[in-house]
Every structure is written in C-alpha cells, then in structure tokens.
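Have a look at the structure below before the remarks.
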Amino acid sequence: MEDIIKCYRFVQDDLSSENGELSWKIGEWNKVSGKIVCCSNGLHASLTPRDSISNVYGQRWFISEARGDIVKQDNKFAASEMMIVEEIPKIVLQRFAIWCAQDSLKYYEKKYPKDNRANNCIQALEDYLNGKITIDELIKEQKAAYSAVGGASGAAGRAIAAVVAASMSATTVNTAGWVNAAVAASYAAHAAASAIDAAMSAVDALDAGRNVESVAFAAVLADTASVLAHRAAGAGATAHASAVNAASNVAPADTAGDAYYSAYAAYSAHSSDIYYAAQDKKLSDMIDHYLSTKKK
C-alpha cells in the first residue's frame, strides 16, 4: 500500500490554486506529471500547521494528504499527488494569533507597565470574535494599539506589532496573511529577548574572570546571541512582508526574485528552536480540539 502523508495547504476561495489553473474538490486526488521540483512543478503543502501558515497561498486552509513522488524544501514540499481532506476554519487561525500575541505581550508590558493599549486591543479582538462588540469598536482599539508601534523597539516593538497584526486578521479579507504576520512578530519578540539575554550573559561571564573556562563560556553565549539575533531579524522581516502582502491581499511570492525572499528563507531555515516548536504544538492542539468538538 502506498504511503500517504498528512499535510496542510491553502487554496483560493473557489478551491483553485493560487498559482496555476488547478481546481480542487474535497476528497478527490489531484495529480501532476513530470519531474517534481519545489516551486516549479508539483502540488505544494507543509508537513506541520505552523510551517503551513508561513506558506499562505489562498484564503481557505485544509488538512490534506499527499502521495507519490515527494520532494522537500525548507518548510514545504512538492508532491505528484495531493488531496484536500478537511477545512480548518479561520477562527482557529485567529485564536492562534491571539495566543501568540499574548505569549509575547510580557515584553511590552515589562517595558511599558502603565500602557494598556496592547492588552485592550487583544481583549477587544477576543470580544469581537465572541460577538460581544462591533467591528468598529475593535478597530478603535486596533488604532490605539497601532499608535504605540512607532515608539516601541526591540522585543517590545515586535510584541505590539504581533498584537496589531492579530487584530487585523479580523478586520481585513486576508486573515491568514495577517495571522502569519502576528505569529512571526511574536516569534521575533521571543528571539530578540533571548538574544539580548545571551549577550548580557556573555558580558557577565567575561567580567567574572579571565580564565579559559569563562572566556570559552562567553564565546558560546555570544554565538548563541548572534544566532538568535539573526532569527529575530528574519522573523521581523517576515512579519513586515506578511503584513504588506496581507494588506494588499497578495500571497507571498516564494521565489528568489521576490524582495522578501531572503527574509522568508532566513526565518524558515531556523525552525527547530523552542519558540517555534511551542507555536507548532499550540496550533496542532487547537486544530485537534476543533476537530474533536466538531465530531461531537
């Protein structure tokens, strides 16, 4: 029996592919011929839900299956055969964006303990999704939070950006694009904060003494800080790219000719750390909860 891989992919509202003229029907296999090459020839998807929202090509999100020839590249793969199986509603993505924004909100609140604009925006988003307030009331809080973005930097700046992007997922057409921006900004906040901590620890290690052991330890910490800073920069650029593309209702062009390609590539090349893994686990749990609730 041929191996079937569970995966995740986006399609257009009319169940067509963003790129090409292929149409999808739930529960039916699509097939392409020829040599399978990522970003060139094949049916594309991601193995994990977290990777999938870094590859948004459409507005509707599906648990899918793939088989046949499989070629992997970074956070996606191309297959010769694929089928969309079950749709994941956008509310799951929106609530995931809320979780990610809240997960990084501590960096903003630590720096600005008396500023409630970020927290008020997240609460307004939750209230709107629960039908307690109107979209105009949400937009009011969204604008207030946005006014805080320009004055914040570092982990705090990325955290408030995550909050605003999460709220945009409910006030614009391109929900998934804004969720991607929110999640990337939240990740960047964590990575930036950890980079700063590692850099400061490296300084402390050097100050503690000039023996070989302390210098070697400081070097390791400095290297860690550099890697984390690189990831934070890539994620921050990805968040900005996602926001720009979502605002324009345009999916990210995953080619070397795209202005943001290097940011996407830098971000996806470092997807095995604890922050990325935590995001993927949370999103997987939310999808499983939705599916189990749906079956009851």
Side-chain angles (χ1 to χ4, degrees), residues 53-54 56 59 90-193 196 231-252 259-260 263-264 267 275 279 282-283:
I53 61 170
S54 292
V56 179
Q59 298 77 42
K90 66 179 182 180
I91 189 66
V92 174
L93 283 169
Q94 290 167 325
R95 295 201 181 282
F96 176 56
I98 289 175
W99 180 85
C100 287
Q102 289 175 327
D103 189 45
S104 61
L105 198 57
K106 60 186 177 184
Y107 303 119
Y108 188 81
E109 293 177 332
K110 181 180 180 180
K111 191 171 183 179
Y112 306 102
K114 296 181 180 180
D115 189 342
N116 295 321
R117 287 175 291 183
N119 190 62
N120 289 345
C121 183
I122 287 295
Q123 185 60 55
L125 176 56
E126 289 188 294
D127 289 343
Y128 173 73
L129 295 178
N130 290 329
K132 295 181 178 180
I133 64 172
T134 66
I135 192 169
D136 289 337
E137 291 174 292
L138 169 58
I139 291 174
K140 179 182 177 181
E141 297 298 339
Q142 182 185 88
K143 289 180 177 178
Y146 180 77
S147 67
V149 173
S153 61
R158 289 161 172 80
I160 187 68
V163 169
V164 173
S167 70
M168 291 291 286
S169 73
T171 60
T172 56
V173 174
N174 198 337
T175 296
W178 281 106
V179 169
N180 186 17
V183 176
S186 176
Y187 174 93
H190 285 301
I196 293 171
R231 297 182 189 183
T238 299
H240 182 257
S242 301
V244 171
N245 287 328
S248 305
N249 201 26
V250 175
Y260 291 113
Y264 284 107
Y267 185 29
Y275 305 126
Q279 288 182 340
K282 181 62 178 182
L283 182 53

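Here the closest non-hydrogen pair linking L125 and A166 is CD2-O, 3.5 Å. Here the closest non-hydrogen pair linking G236 and A188 is N-CB, 3.7 Å. Counting all heavy atoms, side chain and backbone alike, I160 lies closest to A118 at CD1-CB, 3.4 Å. The heavy-atom pair separating A124 from I133 by the smallest distance is O-CD1, 3.2 Å. Taking both residues in full, the closest heavy atoms of S167 and C121 are given as CB-SG, 3.6 Å, listed atom of the first, atom of the second, then distance. Between A148 and D115, the closest heavy-atom pair is CB-OD2, 4.3 Å.
Note that CD1 of I98 is 12.5 Å distant from OG of S186, once rounded to the nearest 0.5 Å. Separation of atoms CZ (R95) and CG (L283) is listed at 14.0 Å; rounding is to 0.5 Å. One distance of note links CG of N119 with CG of L105; it measures 6.0 Å at 0.5 Å rounding. The structure places OG1 of T134 at 11.0 Å from CG of D127, a figure rounded to the nearest 0.5 Å. Atoms CH2 and CD, on W99 and Q279 in that order, are 6.5 Å from each other to the nearest 0.5 Å. Rounding to the nearest 0.5 angstrom, the gap separating the NZ atom in K143 from the CD1 atom in I139 is 6.5 Å.
With a 4.5 Å cut-off on side-chain heavy atoms, E137 and Y128 do not count as touching. S147 places a side-chain heavy atom less than 4.5 Å from the side chain of R117. Looking only at side-chain heavy atoms (C-beta outward), V179 and V56 stay at 4.5 Å or farther from each other.
Of the possible polar contacts, none joining the N130 side chain to the K132 backbone as a donor-acceptor pair under 3.5 Å is found. Between the S104 side chain and the A101 main chain, a donor and an acceptor come within less than 3.5 Å of each other. For the pair E126 (side chain) and Q123 (backbone), a donor-acceptor distance under 3.5 Å is absent. Counting only distance, with no hydrogens or angles, the side chain of S242 and the backbone of T238 share a donor-acceptor pair below 3.5 Å. A donor-acceptor pair is defined here as one N or O able to donate and one able to accept, closer than 3.5 Å; such a pair exists between the side chain of N180 and the backbone of I53. Put simply, the side chain of T175 gets close to the backbone of S169: a donor and an acceptor are under 3.5 Å apart.
Between the side chains of Q142 and T171, at least one donor N or O sits under 3.5 Å from an acceptor N or O.
Heavy atoms of other residues, nucleotides or ligands lying less than 6.0 angstrom from NZ of K111 number more than 12.
By the 30° and 60° cut-offs, the orientation of the rings of Y108 relative to Y112 is tilted. Ring geometry for H190 versus Y275: interplanar angle under 30°, hence parallel rather than tilted (30 to 60°).
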